[in-house]
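Naming convention: chains lettered A, B, ... in sequence-line order (proteins, then strands); numbering from 1 in each chain.
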There are 2 protein chains.
Amino acid sequence: MRKMIRRPTHPGNIIKEDYLVPLSVTIKDMAELLGVSRKTLSKIINERGSITPDMALRLSRAFDTTPDFWLNLQKNYDLWQAETASKEWQKVKPIPPNILHSNATLNSEPSA
Amino acid sequence: MRKMIRRPTHPGNIIKEDYLVPLSVTIKDMAELLGVSRKTLSKIINERGSITPDMALRLSRAFDTTPDFWLNLQKNYDLWQAETASKEWQKVKPIPPNILHSNATLNSEPSA
DNA sequence: TGATATGTAACCCAACAGGTTGCGCATGTC
DNA sequence: GACATGCGCAACCTGTTGGGTTACATATCA
């Protein structure tokens with residue numbers, strides 16, 4: 001697993017660049033095809049909305065892709081956001097590997 | 001991509017069976033280690049809560065895993081739920097492959 | 001009996017998905 | 001110029017959900 005260096009591409013960007021533009025479809029028409037409101041799609045395209053599981057299913061139908069493709073894009077984006085937004089999670093103390101990968105338990109034998 | 005037949009395992013199940021039980025850690029203590037409330041972890045363990053990106057980062061720290069591992073579990077679970085919850089997305093009409101994979105546009109030349 | 005662990009309900013707050021309506025702007029067309 | 005269309009976006013509304021705290025009943029264990 002390589003750590004994400006730069007801000008991952010937003011799914012909306014892919015929709016726009018790889019589908020809407022090449023196909024010359026407007027946001028309005030695409031929203032209709034997908035069965036969602038123009039606003040919902042517009043927000044995603046403009047990177048202010050996210051791909052929900054339901055939207056991923058719709059996109060997978062329209063573009064002959066997998067729902068996972070879209071959800072992975074969103075996942076990577078969200079993860080990057082979470083990593084960046086706060087450093088609180090870094091305060092979590094890792095469970096010592098020797099305990100994690102043995103039969104030992106966390107609260108048994110304080111030391112040895 | 002193989003289609004998901006049965007209900008995917010909930011991330012909370014993994015946390016419990018693969019970590020809490022083997023390590024003999026209580027939900028209370030684990031919640032403390034993760035820096036979240038007992039309720040938050042309890043909800044996840046009991047499959048009433050989901051793994052957020054932030055929680056995935058915390059789990060990855062504690063258990064020496066990747067955040068993606070946890071988010072993928074959640075993603076698969078959510079996707080299955082969305083597929084099952086409603087069939088509305090199936091009404092989305094696929095864009096004809098010949099148009100999708102050519103230089104043609106959707107609204108150009110109604111036929112040929 | 002007393003301490004601990006746990007599920008869960010009640011409450012509160014913030015965020016977010018999605019929908020509708022409408023406004024202002026840009027562009028294209030008649 | 002006048003009108004239609006596409007689009008970003010702001011309001012406004014609703015429902016859901018994550019997360020926190022407090023509290024309670026139950027269960028288990030020393």
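Pairs passing the ring-ring contact (aromatic ring centres under 6.0 Å, His included) check and including a residue from residues 25-67 of chain A, sequence neighbours excluded, read A/Tyr19-A/Phe63.
Heavy-atom distances to DNA chain D give each of A/Lys39 and A/Ile45 a nearest nucleotide, and the one nearer the 5′ end belongs to A/Ile45.
Panel note: side chain A/Thr84, backbone A/Trp80; a donor-acceptor pair is recorded below 3.5 Å.
The two residues A/Met30 and A/Ala62 make their nearest non-hydrogen contact at CE-CB, 3.9 Å. Minimum heavy-atom separation, B/Ile27 to B/Leu41: O-CD2, 3.5 Å. When all heavy atoms of A/Leu71 and A/Ile51 are compared, the closest pair comes out as CD2-O, 3.9 Å. Summarising the geometry of A/Arg61 relative to B/Gln90, their closest heavy-atom pair is NH2-O, 2.7 Å, with the distance given to 0.1 Å.
In summary, contact between chain B and DNA chain D, defined as any nucleotide atom under 4.0 Å from a heavy atom of the protein, begins and ends at D/dG18 to D/dA23 in the 5' to 3' direction. Nucleotides of DNA chain C with any atom under 4.0 Å from a heavy atom of chain A span, from 5' to 3', C/dA17 to C/dG22.
B/Trp70 and B/Ser60 form no side-chain donor-acceptor contact under 3.5 Å, judged by distance and modelled atom types alone.
Taking the side chain as every heavy atom from C-beta outward, A/Ile99 and A/Pro96 approach each other to under 4.5 Å.
When heavy atoms are screened at a 4.0 angstrom cut-off, B/Arg38 is found touching base atoms of the nucleic acid.
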